[in-house]
Amino acid sequence: MRENNNFEEILTGRRSVRVYDEKVKISKQEMKQILEETVLAPSSVNMQPWRFVVVESDEAKEKLRPLVRFNTRQNDTSAAMILIFGDLECYVYGEEIYNQAFQAGKIPEQIKNEQLETIIPLYESLSKEEMSRIVTIDGSLAAMQLMLVARSYGYDTNPIGGFEHDKLAETFEMDKKRYLPVMILSIGKMKEPGFESVRLPIDKVAEWK
């Protein structure tokens, strides 16, 4: 159930959470709602390359534990660890995505056809390095969206980049040639407050020309 609609509080309430309340679980129905709002994030030409694996069972967490290096407290205490992958072959869903948009009356048929005739061959021609960059950017947008959505539901998150990238996909029976690990997010209810962080002043990170 959504708990927080105050956007300022959502943004300023961020802490680096390491330890969660182990008694707090998130139902599959609520997690689906959170993810449904997460995938409203923008993506390049709407190819939606993000893929999620929700690691919540004791068995799955035990498989993940050796891969998360110094982030085992989050793994052991969170309601779930959400693995975010980028699909390097996301364009195979292009026709389905644009047909859905057409059928919903969001784009005319001519635009749908023109887009597909341009986008699909382009994506098919990109190198793995170029596709990796695209899906990493889009997957990161989804990760940030997920963190904000989770906060609006009253949950805390912690983004994790320190893990065994080369082993994550295979460990969870995914094709490592197709699915690129982007990030792991722990999610749950904070038990121990993490340290509040500070930010550099805007004048140090932004310029006006």
Side-chain angles (χ1 to χ4, degrees), residues 1-17 20-21 23-57 60-61 64 71 74-75 77-107 115 134-161 163 168-169 172 174 179-191 194 197:
M1 181 181 297
R2 188 184 296 280
E3 293 186 4
N4 193 330
N5 287 310
N6 186 323
F7 190 65
E8 183 177 359
E9 186 176 340
I10 290 170
L11 289 176
T12 58
R14 285 285 309 139
R15 288 172 180 262
S16 185
V17 180
Y20 295 87
D21 184 344
K23 295 179 291 186
V24 173
K25 306 298 180 185
I26 302 175
S27 70
K28 184 174 182 179
Q29 179 181 1
E30 188 172 29
M31 186 66 81
K32 285 183 70 175
Q33 291 173 341
I34 290 171
L35 291 177
E36 284 169 355
E37 294 182 36
T38 294
V39 299
L40 297 176
S43 64
S44 180
V45 294
N46 199 27
M47 281 297 104
Q48 307 167 42
W50 40 69
R51 305 290 180 260
F52 307 96
V53 177
V54 181
V55 176
E56 59 180 4
S57 69
K61 280 191 169 189
L64 180 60
N71 297 293
Q74 295 97 308
N75 183 69
T77 62
S78 63
M81 300 283 277
I82 303 177
L83 318 182
I84 303 176
F85 293 89
D87 184 357
L88 297 173
E89 298 178 17
C90 58
Y91 50 83
V92 300
Y93 293 102
E95 190 167 350
E96 179 179 343
I97 291 168
Y98 278 86
N99 278 336
Q100 184 179 338
F102 165 64
Q103 290 166 6
K106 298 183 183 298
I107 57 173
Q115 291 284 77
I134 290 171
V135 303
T136 297
I137 292 171
D138 290 349
S140 298
L141 288 170
M144 189 71 253
Q145 177 97 340
L146 175 51
M147 293 172 73
L148 294 172
V149 171
R151 187 70 180 162
S152 76
Y153 277 78
Y155 296 113
D156 301 291
T157 58
N158 183 227
I160 297 170
F163 59 89
L168 195 66
F172 289 90
M174 300 181 73
Y179 298 103
L180 181 74
V182 175
M183 196 179 302
I184 298 175
L185 284 183
S186 58
I187 183 171
K189 287 274 192 176
M190 176 177 62
K191 183 177 183 180
S197 57

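These values consider heavy atoms only, across backbone and side chains, with no hydrogens, waters or symmetry-generated copies.
Proximity of I160 to M81: side-chain heavy atoms (C-beta onward) are separated by under 4.5 Å at one or more points. Side-chain contact between L146 and I34: present, with at least one pair of heavy atoms (C-beta onward) separated by less than 4.5 Å. Considering only heavy atoms from C-beta on, Y155 comes within 4.5 Å of V24 through its side chain. Counting only heavy atoms from C-beta outward, the side chains of I84 and F52 approach each other to under 4.5 Å. The closest side-chain heavy-atom distance from C90 to R51 is below 4.5 Å. At a threshold of 4.5 Å between non-hydrogen side-chain atoms, the residues L83 and P181 do not count as touching. Y93 is listed as a side-chain neighbour of D87, based on a closest heavy-atom distance under 4.5 Å.
Here the closest non-hydrogen pair linking V182 and G86 is CG2-N, 3.7 Å. What you find for A80 and E56 is that their closest heavy atoms are CB-CB, 4.1 Å. Nearest approach of L185 to P159, heavy atoms of both residues: CD2-CA, 3.3 Å.
Here salt bridge (Lys or Arg N to Asp or Glu O under 4.0 Å) pairs that include residues 134-144, with residues two or more places apart or in two chains, number zero.
By the salt bridge (Lys or Arg N to Asp or Glu O under 4.0 Å) test, E89 pairs with R178, sequence neighbours left out.
Annotation for K25: atom NZ counts as buried by contact number, over 12 foreign heavy atoms lying within 6.0 Å. Within a 6.0 Å sphere centred on NZ of K191, heavy atoms belonging to other residues, nucleotides or ligands number 12 at most.
Salt bridge status for D156 with R151: present, with a side-chain N to carboxylate O gap under 4.0 Å.
The distance from the CG atom of L40 to the CG atom of L141 is 13.0 Å, given to the nearest 0.5 Å. From I184, atom CD1 reaches atom CD of Q74 across 10.0 Å, with rounding to the nearest 0.5 Å. Taking CD1 of I187 as the start and CD1 of I26 as the end, the distance is 4.0 Å to the nearest 0.5 Å. Rounding to the nearest 0.5 Å places CZ of F172 at 15.5 Å from OH of Y179. Here the CE atom belonging to M183 is positioned 9.0 Å from the OG1 atom belonging to T136, to the nearest 0.5 angstrom. The line from CG of L180 to CE of M174 is 10.5 Å long, rounded to the nearest 0.5 Å.
Screening V39, L35, T38 against W50 for a side-chain contact (heavy atoms from CB on, under 4.5 Å) leaves a single residue, V39.
Under the 6.0 Å distance and 45° angle rule, K189 does not count as a cation-pi partner of Y20.
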Next on the checklist: Assess the residue pair V53 and L168 against the criterion (side chain to side chain contact (heavy atoms under 4.5 Å, CB included)); give the C-alpha distance rounded to whole Å, side-chain angles, the decisive distance to 0.1 Å, and a yes or no.
Outcome noted: CA-CA 11 Å; V53 177; L168 195 66; over 6 Å; no
Next on the checklist: Does V45 form a side chain to side chain contact (heavy atoms under 4.5 Å, CB included) with Y98? I'd like the steps, not just the answer.
Outcome noted: CA-CA 10 Å; V45 294; Y98 278 86; 4.1 Å; yes
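Under the 3.5 Å distance criterion, the side-chain polar atoms of Q48 are left unmatched by any main-chain donor or acceptor of S43.
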